Amino acid sequence: MLCKIGDVEVWRILDIHGPFLLPEQLYPTAGPDVAAIIESHAPGSVCPASGKLILPIQGFLLKTPTHNILVDSCVGNDKTIPGNPAWHQRSDTRFVSSLVAAGVNFGDIDYVLCTHLHTDHVGWNTQLVDGRWVPTFPNARYLMPTADEAFQRAQGTEMYNESVLPVVEAGQTELVQAGHELGDHVSLIPTPGHTPGHVSVMVNIGHCEAVITGDALHSTAQCWHPDWHFKFDVDPEMAVTSRIQLLERVSESGCIVLGSHFSLPSIGRVSANGATFQWHE
Ligand SMILES: [Zn+2]
């Protein structure tokens, strides 16, 4: 278990942990020293051999007294992602092992909550069975941001066809918006920009609070540099605004922050630091 928020257990469900892309590719406006800056804030996060940023692809399992909620379902197996050979048509057991280690099976998941609809957050939504994509979690409701579903459906991407459409066709989808509440303790914070409907996730029980960032931030270095653009942000300026608003919020409350792509262990807190912020593990 990663941590406990009141009586909600939080478990890391890790799918992939390895070099992704070069920091200067990922943060095109961050300047030529971006790798050194990231390494100074998150030592060991730049692969010494390839120079690429080492990125965990992980979900978080929230075990509440009444529900099992999976926040983001990572890359998955057998998916068509030719642009990234390491993610293309994988056959890997780590994600499933992580779930089993947390004490749950596919049938035990009550909700799958997608912070946004990108390849590395929806993969295990479905699995390939006898040549057909079917929902991996037969008893789950899948919560997806309305704006992302519309955006991806219009694009008709492989990601949509393999990881979203089969869930829609199975009648297991619930389209949601920021502000949506899931039970008494989980709610969605608006953080648009990375995608049109991107949400972060708040777990709030009494005085205990935690926020799962999703892709509102990708590196702890963005606490110091929230203005950096990120390669895959659909609207980079809107993403900067959302990032700063989220950092204001979590630094004000001093709550636990779980960074979906932050260097492991990906858990810490944020405080104000002059004009920007800083990260504390
Ligand atoms: Zn991501």
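Worth knowing before you read on, the calculation uses all heavy atoms, side chains too, and leaves out hydrogens, waters and symmetry mates. The structure presented is a predicted model; accordingly, all values stated were derived computationally and were not measured.
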Looking at E174 and R141, does any basic side-chain N land under 4.0 Å from a carboxylate oxygen?
yes
Find out whether V104 and I109 are in side-chain contact, i.e. whether some heavy atom of one side chain is under 4.5 Å from a heavy atom of the other.
yes
Pick one: which of T80, I81, T157, I57 meets side chain to side chain contact (heavy atoms under 4.5 Å, CB included) with T119?
I81
When clusters are formed by joining ILVMFWY residues with side-chain heavy atoms under 4.5 Å apart, either directly or through shared neighbours, do I189 and V250 land in the same one?
yes
Angle between ring planes, H118 versus H194, binned at 30° and 60°: parallel, tilted or perpendicular?
perpendicular
With a 4.5 Å cut-off on side-chain heavy atoms, are D7 and T64 touching?
no
What I'd like to find out is whether the side chain of M144 reaches to under 4.5 Å of the side chain of V176, using heavy atoms alone.
no
Residues forming a side chain to side chain donor-acceptor pair (under 3.5 Å) with E281, sequence neighbours excluded:
none
Got a salt bridge between R94 and D92, using NZ or NE/NH1/NH2 to carboxylate O under 4.0 Å?
no
Steps toward side-chain contact (heavy atoms from CB on, under 4.5 Å) verdict (V257, I267):
CA-CA 6 Å; V257 176; I267 180 170; over 6 Å; no
A side-chain contact here means heavy atoms from C-beta on lying under 4.5 Å apart; do N77 and L128 qualify?
no
Distance check, rounded to the nearest 0.5 Å: H218 atom NE2 versus F230 atom CZ?
3.5 Å
So, do V164 and Q152 sit near enough that their side-chain heavy atoms are less than 4.5 Å apart?
no
Correct closest heavy-atom pair for G259 and Q58 would be O-NE2, 3.4 Å
Measuring from L246:CG to H198:NE2, what's the distance to the nearest 0.5 Å?
9.5 Å
Are V201 and V8 connected in the hydrophobic side-chain network, where two residues link if heavy atoms are under 4.5 Å apart?
yes
Evaluate side-chain contact (heavy atoms from CB on, under 4.5 Å) for W228 paired with I38, printing each intermediate quantity in order.
CA-CA 12 Å; W228 285 357; I38 290 175; 3.9 Å; yes
Side-chain atoms of residues 18-31: list all donor-acceptor pairs with protein atoms under 3.5 Å, sequence neighbours left out, distances to 0.1 Å.
residue, atom, partner, partner atom, Å
Q25, OE1, L22, N, 2.8
T29, OG1, H229, N, 3.0

Is it the case that one hydrophobic cluster holds both L258 and V270, taking links as side-chain heavy atoms less than 4.5 Å apart, direct or via other members?
no
So CD of Q177 and CG of D148: to nearest 0.5 Å the spacing works out to 11.0 Å
Taking NZ, NE, NH1 and NH2 as the nitrogens, is one of them in R243 or D233 under 4.0 Å from a carboxylate oxygen of the other?
yes
Counting N and O atoms only, with roles assigned by atom type, does the side chain of Q127 sit under 3.5 Å from a partner on the main chain of P135, one being a donor and the other an acceptor?
no
In terms of hydrophobic clusters joined by side-chain contacts under 4.5 Å, are V71 and L2 together?
yes
Can W11 and E9 be counted as having a side-chain donor-acceptor contact under 3.5 angstrom?
yes
Can you get from M202 to L188 by hopping between Ile, Leu, Val, Met, Phe, Trp and Tyr side chains that sit under 4.5 Å apart?
no
Among D72, D15, I16, D215, which residue meets the side chain to side chain contact (heavy atoms under 4.5 Å, CB included) test with D120?
D215
Sequence neighbours left out, what pairs pass ring pair (Phe, Tyr, Trp, His ring centres under 6.0 Å) with at least one residue falling in residues 128-172?
F106-F137
Nearest heavy-atom approach of S242 to P192 is OG-O, 2.6 Å
Q222 side chain vs S219 backbone, donor-acceptor pair below 3.5 Å:
yes
From CD1 (I13) to CG (L99), nearest 0.5 Å:
4.5 Å
Taking all heavy atoms of T220 and all of A42, pick out the closest pair and write down the distance.
OG1-CB, 3.7 Å
Measure from the ring center of H185 to the ring center of H67 and say whether it is less than 6.0 Å.
no
State, without any angle test, whether S271 and H280 hold a side-chain donor-acceptor pair at a distance under 3.5 Å.
yes
If only side-chain N and O atoms count, and only distance matters, is there a donor-acceptor pair under 3.5 Å linking S163 with N125?
no
Closest non-hydrogen atom pair, G76 against R90:
O-NH1, 3.0 Å
For the backbone of T276 and the side chain of N273, can you confirm whether one donor and one acceptor N or O come within less than 3.5 Å of each other?
no
Kindly give the heavy-atom pair with the smallest separation between K63 and A102, and that separation in Å.
NZ-O, 2.7 Å
What is the minimum heavy-atom distance between T126 and P166, and which atoms define it?
CG2-CB, 3.9 Å
Checking side-chain polar atoms at under 3.5 Å, does Q89 have a donor or acceptor matched by the opposite partner on D78?
no
Out of curiosity, N161 CG to K79 NZ, how far, rounded to the nearest 0.5 Å?
11.0 Å
L217 side chain near C223 side chain, heavy-atom distance below 4.5 Å:
yes
When rounded to the nearest 0.5 Å, the distance separating CG of L113 from NE2 of H121 is 12.0 Å
Going through the distances and angles, do S187 and H180 end up as a side-chain contact (heavy atoms from CB on, under 4.5 Å)?
CA-CA 6 Å; S187 59; H180 183 86; over 6 Å; no
Please check: side-chain N/O of S263 versus main-chain N/O of S45, any donor-acceptor pairing under 3.5 Å?
no
Quick one: does H261's side chain have a donor or acceptor within less than 3.5 Å of a partner on L55's backbone?
no
Hey, are the side chains of L143 and L182 touching, using non-hydrogen atoms and a 4.5 Å cut-off?
yes
Residue pair D110, I69: steps toward the side-chain contact (heavy atoms from CB on, under 4.5 Å) verdict:
CA-CA 6 Å; D110 300 297; I69 303 166; 5.8 Å; no
Mind checking whether W279 and H41 have ring centres under 6.0 Å apart?
no
Hey, are the side chains of V203 and L62 touching, using non-hydrogen atoms and a 4.5 Å cut-off?
yes
Does any donor atom in the side chain of S200 or T191 lie under 3.5 Å from an acceptor atom in the other side chain?
yes
